[in-house]
Amino acid sequence: MSDRGAVRILVCDDHAVVRAGLLALLDSAPGIEVVGEAGTGEEALAMAAKLTPDVVLMDLQLGAGIDGVETTRRLVSGPGATPHVLVLTTYDTDADITRAIEAGATGYLLKAERPEELFAAIAAAAEGRTALSAPVAGRVMAQLRSPRPTLTDRERDILAQLAQGLGNREIARALFISEATVKTHLSRIYYKLGVDTRAGAVAVAKERRLLP
């Protein structure tokens, strides 16, 4: 399908229309061969083991099953030669970027980028070089310049309750504090972890081993 020496690509995105658009776009690019497409993280892992792509284009949100971050971690930590993972997503929160990079992603690109930027990022990722969208690079630099704020003991207590799936009222009862106090602590936890949802807070806490 491609010229000798082309970069072998596996596309992982849970939206069939998005995959079709990416495949059509990549098919027009010289030096790139799409060897497969996956709609879930589990499919991506199985296909990567079979097809040995050079680069996996990875969306972060994959619906049911494991997400893009966990898929990335498993891809790059597998036995033998592993592919480089280039995240291609619409999400650019600090938490998403941090989780993806900590999981081993070589690059992080936003879907709003121009095709030329995507092709250049794929070429860079294939060589193991970091490829970041300009907004993402700016966020990464800002994080490096600003020390990561630490959680207080009380915030860790609330985070642990959160991980158990408890609601604000249940957390308040368990810790003998008011619901208003729980909400205040939660807003601080979200800020410190760079997230805006309960699920996001738990996910980042697990990534950073903040939970017992």
Side-chain angles (χ1 to χ4, degrees), residues 1-78 81-140 200 203:
M1 173 181 173
S2 69
D3 297 330
R4 186 178 180 84
V7 177
R8 295 165 54 82
I9 299 289
L10 170 64
V11 175
C12 181
D13 195 295
D14 63 333
H15 291 97
V17 173
V18 173
R19 291 202 308 274
L22 279 172
L23 264 56
L25 177 64
L26 295 172
D27 194 48
S28 69
I32 292 177
E33 176 188 3
V34 178
V35 297
E37 58 175 300
T40 67
E42 288 82 357
E43 284 182 3
L45 291 172
M47 296 184 75
K50 179 180 179 181
L51 301 171
T52 61
D54 301 308
V55 176
V56 178
L57 279 185
M58 178 66 63
D59 193 11
L60 289 184
Q61 303 297 331
L62 298 175
I66 59 176
D67 65 5
V69 171
E70 180 58 28
T71 305
T72 296
R73 180 180 294 103
R74 296 188 190 183
L75 282 171
V76 303
S77 62
T82 58
H84 296 292
V85 176
L86 176 59
V87 171
L88 183 63
T89 184
T90 56
Y91 303 93
D92 66 344
T93 67
D94 290 351
D96 286 325
I97 295 167
T98 299
R99 291 180 63 221
I101 292 175
E102 289 180 346
T106 300
Y108 197 110
L109 217 63
L110 301 180
K111 288 181 178 177
E113 291 290 355
R114 295 173 299 173
E116 313 88 79
E117 297 294 335
L118 173 59
F119 300 154
I122 288 173
E127 297 176 0
R129 293 185 286 114
T130 301
L132 301 173
S133 287
V136 174
R139 285 178 176 271
V140 170

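T72 contributes atom OG1, which lies 12.5 Å from atom CD of E102 (distance to the nearest 0.5 angstrom). Expressed to the nearest 0.5 Å, how far CG of D96 lies from OG1 of T90 amounts to 9.0 Å. Within the model, atoms CG of D14 and CG of L60 stand 11.0 Å from one another, a figure rounded to the nearest 0.5 Å. Between atom CG of residue L10 and atom NZ of residue K50 there is a gap of 12.0 Å, rounded to the nearest 0.5 Å. Taking CG of L110 as the reference point, atom CD of E117 lies at 11.0 Å (rounded to 0.5 Å). Here the CG atom belonging to L75 is positioned 8.5 Å from the OG1 atom belonging to T82, to the nearest 0.5 angstrom.
The heavy-atom pair separating P53 from P83 by the smallest distance is O-CB, 3.4 Å. The minimum heavy-atom distance between E42 and G65, with the atom names listed, is OE2-CA, 3.5 Å. For the pair V76 and G104, the tightest heavy-atom approach, listed with the atom from each and the gap, is CG1-O, 3.8 Å. Nearest approach of A105 to V87, heavy atoms of both residues: CB-CG2, 3.9 Å. Here the shortest heavy-atom pairing between A131 and L86 reads O-CD1, 4.3 Å. Scanning all heavy atoms of the two residues, the minimum distance from A6 to D54 falls at O-OD2, 3.8 Å.
Remark: of the listed residues L109, L118, I97, L109 is the sole one forming a side chain to side chain contact (heavy atoms under 4.5 Å, CB included) with S133.
The closest donor-acceptor contact from the side chain of R19 to the backbone of D13 lies under 3.5 Å. Between the side chain of R8 and the backbone N or O of L51, at least one donor-acceptor pair lies under 3.5 Å.
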Let's go through D59 and V18 carefully: what are the C-alpha distance in whole Å and the side-chain angles of both, what is the deciding distance for side-chain contact (heavy atoms from CB on, under 4.5 Å) to 0.1 Å, and is it a yes or a no?
CA-CA 10 Å; D59 193 11; V18 173; over 6 Å; no

From CA spacing to verdict: side-chain contact (heavy atoms from CB on, under 4.5 Å), T71, V85
CA-CA 10 Å; T71 305; V85 176; over 6 Å; no

May I have the step-by-step check of side-chain contact (heavy atoms from CB on, under 4.5 Å) for V34 and D27, ending in yes or no?
CA-CA 7 Å; V34 178; D27 194 48; 6.0 Å; no

Y108 and T130: side-chain contact (heavy atoms from CB on, under 4.5 Å), yes or no, with the steps?
CA-CA 8 Å; Y108 197 110; T130 301; over 6 Å; no

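At a threshold of 4.5 Å between non-hydrogen side-chain atoms, the residues V55 and T106 do not count as touching.
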